[in-house]
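By convention in this document, chain letters (A, B, ...) are assigned in the order of the sequence lines, proteins followed by strands, and residues within each chain are numbered from 1.
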Number of protein chains: 2
Amino acid sequence: MVVTLRDVARAAGVSPATASRALSAPDLVAPARRELVQQVARELGYRPNRAARELITGRTGNLCLVVPDLESPFFAAVAKGVQARARALGFALLVADAEEDPRLEAELVGHLGAQVDGVILSSPRMSDVELDRLSRDVLDEDVPLVLVNRRHGGLPSVVIDNADGIRQAVRHLYALGHRRIGYAGGPVGSWSDTQRRYGLEHASHGLRNVEVTDLGHFPPLFGGGVAAGDLVAASGVTAVLAHNDLLALGILSRLRARGVRVPEDVSVVGYDDIPAATLVSPALTTVTVPLARLGRAAVDLLVEAGPVPTPTESALATALSAADGGLDAGSGTPPSVLIGVELVVRASTGVASAQASVADG
Amino acid sequence: MVVTLRDVARAAGVSPATASRALSAPDLVAPARRELVQQVARELGYRPNRAARELITGRTGNLCLVVPDLESPFFAAVAKGVQARARALGFALLVADAEEDPRLEAELVGHLGAQVDGVILSSPRMSDVELDRLSRDVLDEDVPLVLVNRRHGGLPSVVIDNADGIRQAVRHLYALGHRRIGYAGGPVGSWSDTQRRYGLEHASHGLRNVEVTDLGHFPPLFGGGVAAGDLVAASGVTAVLAHNDLLALGILSRLRARGVRVPEDVSVVGYDDIPAATLVSPALTTVTVPLARLGRAAVDLLVEAGPVPTPTESALATALSAADGGLDAGSGTPPSVLIGVELVVRASTGVASAQASVADG
DNA sequence: GTGAAAGCGCTAACAA
DNA sequence: TTGTTAGCGCTTTCAC
């Protein structure tokens, strides 16, 4: 029924060992026989049994990604990048949605970590101790863990330059004449929110006469922005920075509903540059985060961090098909990658109006 | 180092076979020993080796989902549903993004199909013959394939009631006084677009004086809608049905840019009810599709279609932890599931204006 | 460079 | 009900 390596070996008139080598470690076999075996394998439609190989090598050829919410445009974009890069390197990708629940995240990492060669975790809110526990006690020693958009201890991670994005946004607003700037933050305990608040403080210190108002913590969702919108209006700021685009979109919506004009009365800046940022009117000025690159970088880090990537995978793939896979393992990158961001100015920001305040009346 | 079943067996003073049974088929073991073995397994931190089990049982405990674009809100929502249901049934989920390329879809199905217990494929545009080839020649006989949002031959599938959604939309517009209705279609060859055109024809036949204008085929994206928007304005229709929300959003945007008011001059209806539909102003009247349910139903179908779900999985899980997994396999459902849809009226539709036409001038 | 043989960890006959 | 035995398909020493 199913073609096994023995079948190939027999048909090629070699031992199973040679057949195995011809496909998985071609260099060890004399060219003539190597060609022959590969030829026969192709003709017979041989498909190596992953389970058997995994049993002996300990490698699964799978990676896994755990995110809080697959439907969020932020994580969807990251997932897309992760998926693409994983495939390019010959890995399949297990994806798990933790439903915004840090406990479930930990459980999923434990569960899936047992059946993959590496784990990518994006958990904005898991506690540091839990993170420690995960990487120390839950995962096998040889299963590397890479953090996305979060830095912690010795764990490899890919993060974006949160502070710089905020700095760019603040400078943009400052240049437009804004002096009273509000910040609508993300959830309490969110790592990136902490980073951004830090960046905000520093950015504003360098500029004279700037007054930053902390509008509080909000769920990083449209609904959170609606609530934040009222605070924006009440606070008398002429511009507001939102923790992310969804929040900014909610603010935009609420302000319009209240008759506050954007950008004439208030300027709004988001973060992430999700697709929806350009679907609204006025289009959202925001900090572009190369989300897919974030995902790709995470995979690369994982592969570097892990036990040397089996040459087997790609060798076998090329042996069986005509495709050539360009496996490029970088050399000696540090355990943490910083991804740059860039402010993109659209229609939601404009010069500060003379009559600064739009306070409630 | 790693605890194997033999270790457990030895520590419990039973044979490996009994240990295996105590964990995977508890009913076959005397209560006392069963308890003992499970206890010992827990204490030793035994984790079954999936590869070894897979090698002998042929079951991987994994399902796989192939979609054209993980970042699209439509597929992201479906993926979320699939993921949740798969996990509830004890399966991990491999996810693959085919980058809108039917050829890549086929390749991915072939590649991943070899290492999973079932495949869920959402491919709006793969040709029927290719679909046949996939299920017949590419996949192993015992790897079931379920189609999402597409019906074909004998393959099990989960589809939404495309025609009914269109019907509801048309009736809504008709009730508002619209008589000249445009349809901005999806890509040529899209299965659901074909269905919706069919529904459109039927729905309009039943109503007097309704004139339907086919505005053509568009990429189901915001950009496609921008192009469609001009045709809407030029066509003189008072209302337009878009193939999906993204397209509708693009139309909305373009119409506003041209000074055509929505809904005063033209009413716009979308399809799918993606999150962004409520982020814009006016909020989009659209046909709500329960995307997550679509995904869940696909998993259920897969599990029913496949070889009897191993009791092993859940039994072992419950044996090793305190958690109880509620595996509920439905009984004798037909191979194809139809999911109902519902029009949700928001602000983008209104009564037809007297001066029907907004033709170019 | 090649083959023989052993065994990865587990389950499934078959006996007892 | 339990244990013994065999073997899933593959890789990998170890001889040659």
>> Quick one, Arg125(B) with Glu100(B), criterion side chain to side chain contact (heavy atoms under 4.5 Å, CB included). Give me CA distance, side-chain angles, the key distance, then yes/no.
In response: CA-CA 9 Å; Arg125(B) 302 206 289 279; Glu100(B) 302 279 5; 3.7 Å; yes
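At distances below 3.5 Å, not a single donor-acceptor pair connects side-chain atoms of Arg21(B) with backbone N or O atoms of Val29(B).
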Under 3.5 Å, N/O pairs linking protein and nucleotides 8-10 of chain D:
{"from": "dG9(D)", "atom 1": "N2", "to": "Ala52(A)", "atom 2": "O", "distance (Å)": "3.4"}
{"from": "dC10(D)", "atom 1": "OP1", "to": "Tyr46(A)", "atom 2": "OH", "distance (Å)": "2.6"}
{"from": "dC10(D)", "atom 1": "OP1", "to": "Asn49(A)", "atom 2": "N", "distance (Å)": "3.1"}
{"from": "dC10(D)", "atom 1": "OP2", "to": "Thr4(A)", "atom 2": "OG1", "distance (Å)": "3.1"}
{"from": "dC10(D)", "atom 1": "OP2", "to": "Leu5(A)", "atom 2": "N", "distance (Å)": "2.4"}

What pairs of nitrogen or oxygen atoms, one from the protein and one from nucleotides 13-16 of chain C, lie under 3.5 Å apart?
none

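Rounded to 10°, the angle separating the first-five-pair axis and the last-five-pair axis of the helix from dG1(C)-dC16(D) to dA16(C)-dT1(D) equals 30°.
Atom CG of Leu147(B) and atom OG of Ser122(B) lie 8.0 Å apart (nearest 0.5 Å). Distance check, rounded to the nearest 0.5 Å: CG of Leu139(B) to CZ of Arg133(B) gives 10.0 Å. In this structure, CG on Leu301(A) lies 7.5 Å from OG on Ser157(A), to the nearest 0.5 angstrom. Considering CD of Glu105(B) and CG of Leu131(B), their distance stands at 9.0 Å, rounded to 0.5 Å. Here the straight-line distance linking atom CG of Asp140(A) with atom CG of Leu145(A) works out to 12.5 Å at 0.5 Å rounding.
To the nearest angstrom, P of dG9(C) lies 12 Å from CZ of Arg10(B). Atom CD of Glu54(A) and atom P of dC10(C) are 12 Å apart (whole Å). Between the CG atom of Leu28(A) and the P atom of dC16(D) there is a distance of 20 Å, given to the nearest Å. Nucleotide dT2(C) holds its P atom 11 Å from the CG atom of Leu36(A), rounded to whole Å.
Contacts classified as side-chain hydrogen bond (donor to acceptor under 3.5 Å, both in side chains) and involving residues 106-115 of chain A (residues at least two apart or in different chains) are given here: Gln115(A)-Arg50(B).
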Can you give the donor-acceptor pairs under 3.5 Å from side chains of residues 1-8 of chain A to other protein atoms, not counting sequence neighbours?
{"from": "Thr4(A)", "atom 1": "OG1", "to": "Arg6(A)", "atom 2": "N", "distance (Å)": "3.0"}
{"from": "Asp7(A)", "atom 1": "OD2", "to": "Thr4(A)", "atom 2": "N", "distance (Å)": "2.8"}

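Salt-bridge formation is not detected for the pair Arg87(A)/Asp97(B): no Lys NZ or Arg NE/NH1/NH2 atom is positioned less than 4.0 Å from an Asp or Glu carboxylate oxygen.
Shown here are the side-chain contact (heavy atoms from CB on, under 4.5 Å) partners of Pro124(B), two or more places apart in sequence or in another chain: Pro68(B), Phe75(B).
For dG3(C), one of the phosphate oxygens OP1 or OP2 lies less than 4.0 angstrom from a side-chain nitrogen or oxygen of Thr18(A).
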